[in-house]
> 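Sharing a structure here in structure tokens format.
Values below: every heavy atom of this structure, side chains too, minus hydrogens, waters and symmetry copies. If you're wondering where the values come from, they're calculated on a predicted model, not measured in any experiment. Each chain gets a letter, A, B and so on, in the order the sequences are listed, and its residues count up from 1.
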Amino acid sequence: MADAGGAKVSVQREDFDIGAEIDRLTRGNRDIGAVVSFTGLVRERAAAGAIAAMELEHWPGMTEKALAAIVAEAEARWPLDAVRVIHRVGPLAPGARIVLVLAASRHRAAAFEAAEFLMDYLKTRAPFWKKEHGPEGGRWVDARDADDTAAARWQPKG
Amino acid sequence: MADAGGAKVSVQREDFDIGAEIDRLTRGNRDIGAVVSFTGLVRERAAAGAIAAMELEHWPGMTEKALAAIVAEAEARWPLDAVRVIHRVGPLAPGARIVLVLAASRHRAAAFEAAEFLMDYLKTRAPFWKKEHGPEGGRWVDARDADDTAAARWQPKG
Amino acid sequence: MQVLYFAWLRERVGAAAEQIDPEGATTARDLIARLCAREARYALAFADMAAVRVAVDQEMADLDTPIIGAREVAFFPPVTGG
Amino acid sequence: MQVLYFAWLRERVGAAAEQIDPEGATTARDLIARLCAREARYALAFADMAAVRVAVDQEMADLDTPIIGAREVAFFPPVTGG
């Protein structure tokens, strides 16, 4: 159930290398048959028009704790061989990578579901806030109802 | 709806570079907010014990046609900015990459669903056959009922 | 008590963190009411209570969670990472 | 008519491709019956018809698809890629 070593969760200003992260996650574990990655990018066209830059604010300390809790929940729900979450903070240009989620398992269903779960919970439970900077100044991004709906599907029914 | 250029489908003996493929797919398109990748790897422990190698047979010409049809179907079903499918053939050692599927879209739901769909259809419709080589000789891999079930969920109900 | 603000709550309050005397406030909602009565910047920041989320001692909470004895209360808008 | 075999069907027939005279066979099932009557290797290869898939002129088909006029018929087990 554990990955080969290294942090499962990182909050950082630096960019990340998707291929290198997947290699690190899968190296030495030949039981892994499926790796799913999700990469989130800064879109140039936002709700209020073209943006010049985005600023990612977070709550140092609490962010890592929230992400670790989400990872632990995913590991409890699916038979995962490895998990990785990287989220960037600070200023980000359009096209820049924001977030990486990796889930590795024997078969693809668990890897896909866990990656979707990680993203749905990260979007609704990890303390990050996006501010878009465009020609008319700064604007805090609104939370999307679709994200709450997506997260709710993982709750027990009834 | 089209990617920036280059083949959407490749069937090849050579390995692939996941990070480079994602970069190629997303470069120059700042409308993309979400990229999902699926990577399939050769597992060392197969149904019949440890394997020393796997051989991927395919139907040259027909394989590319089948994969292109699956990609076209995904593009018709989801608002995708880019899609990529690479499948390796020939001898593959345990731990080796077999298949890469990438789906890029504005939002994550479409990217996740399209990547799952591409894998489910590839597993059940593209003419590839796996033979495992172990201590007791060669053994053709059986098709899994779970793959048929997974593919069936994308069919219209009723 | 340490009080933290994030995103537009931080901008409107004009501080990321403050030491605040809760003056006997028993819940997060109660604390906000006392702050709003104290200075206009709080009344502005907390004008839309439906958009305010709360954590007490780094646990997600709601406006009616008791804060007596808490070391830290954080106020922030719904999260928008990912 | 060109007939193709893949995976264990190829191994059991002992050929990847053959030019075969369909002798008036009207469907894939009919062609298989004629082959099995002709040589034991076909009877061995096609012993489990439930595990045989068919394509006619590179279109997925079934055992009862007409093959009259077809240039190519392919036989293979259920696919296992990915």
> Heavy-atom pairs under 4.5 Å with chain A - which of B:Arg45, B:Glu21, B:Arg108 has more of them than the others?
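When all of B:Arg45, B:Glu21, B:Arg108 are compared, B:Arg108 has the most.
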> What residue, out of A:Val35, A:Ile18, A:Ile32, has the most heavy-atom pairs lying under 4.5 Å from chain B?
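Counting heavy-atom pairs under 4.5 Å, the top option is A:Val35.
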> Do A:Arg30 and B:Leu41 touch side chain to side chain, with heavy atoms closer than 4.5 Å?
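No. Closest side-chain heavy atoms not under 4.5 Å.
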> If the contact rule is any heavy atom under 4.5 Å from chain B, which residues of residues 132-149 of chain A qualify, in numerical order?
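Contacts with chain B: A:Arg144, A:Asp147.
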> Roughly how far apart are B:Ser37 OG and A:Ile22 CD1, rounded to 0.5 Å?
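The OG atom of B:Ser37 sits 4.5 Å away from the CD1 atom of A:Ile22.
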> Taking A:Gly19, A:Gly28, A:Ala34, A:Gly33 one by one, which has the highest count of heavy-atom pairs under 4.5 Å against chain B?
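Greatest number of close heavy-atom pairs with chain B: A:Gly33.
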> Which bit of B:Ala104 comes within less than 4.5 Å of chain A, counting heavy atoms only: side chain, backbone, both or neither?
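No part of B:Ala104 comes within 4.5 Å of chain A.
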> So for B:Asp23, is it side chain, backbone, both, or neither that comes closer than 4.5 Å to the heavy atoms of chain A?
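It is the side chain, since no backbone atom gets that close.
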> Salt bridge or not for B:Asp81 and A:Arg43, using N-O below 4.0 Å?
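No, no charged N to carboxylate O under 4.0 Å.
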> Below 4.5 Å, heavy-atom pairs only: which of B:Ala20, B:Gly40, B:Pro94 has the largest tally toward chain A?
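Among the listed options, the one with the most contacts to chain A is B:Pro94.
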> Heavy-atom pairs under 4.5 Å with chain A - which of B:Val36, B:Ile98, B:Thr26, B:Val101 has more of them than the others?
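Of the options given, most contacts go to B:Val36.
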> Are more than 12 heavy atoms, taken from residues, nucleotides or ligands other than A:Arg153, located less than 6.0 Å from that residue's CZ atom?
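For A:Arg153, atom CZ is crowded (more than 12 foreign heavy atoms under 6.0 Å).
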> Heavy-atom distance under 4.5 Å to chain A: side chain of B:Arg106, backbone, both or neither?
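B:Arg106 touches chain A through backbone and side-chain heavy atoms alike.
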> Are B:Phe112 and A:Phe38 near enough that their ring centres are under 6.0 Å apart?
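Ring-ring flag for B:Phe112/A:Phe38: true, centres closer than 6.0 Å.
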> Could you look at B:Asp17 and say if it's the side chain, the backbone, both or neither that has a heavy atom under 4.5 Å from chain A?
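The answer is neither part of B:Asp17.
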> Considering only heavy atoms, which portion of B:Val42 lies under 4.5 Å from any heavy atom of chain A: side chain, backbone, both, or neither?
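Contact with chain A is through the backbone of B:Val42 alone.
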> Quick one: of A:Met119, A:Glu116, A:Glu44, who has the most non-hydrogen atom pairs under 4.5 Å with chain B?
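Top count of heavy-atom pairs under 4.5 Å with chain B: A:Glu116.
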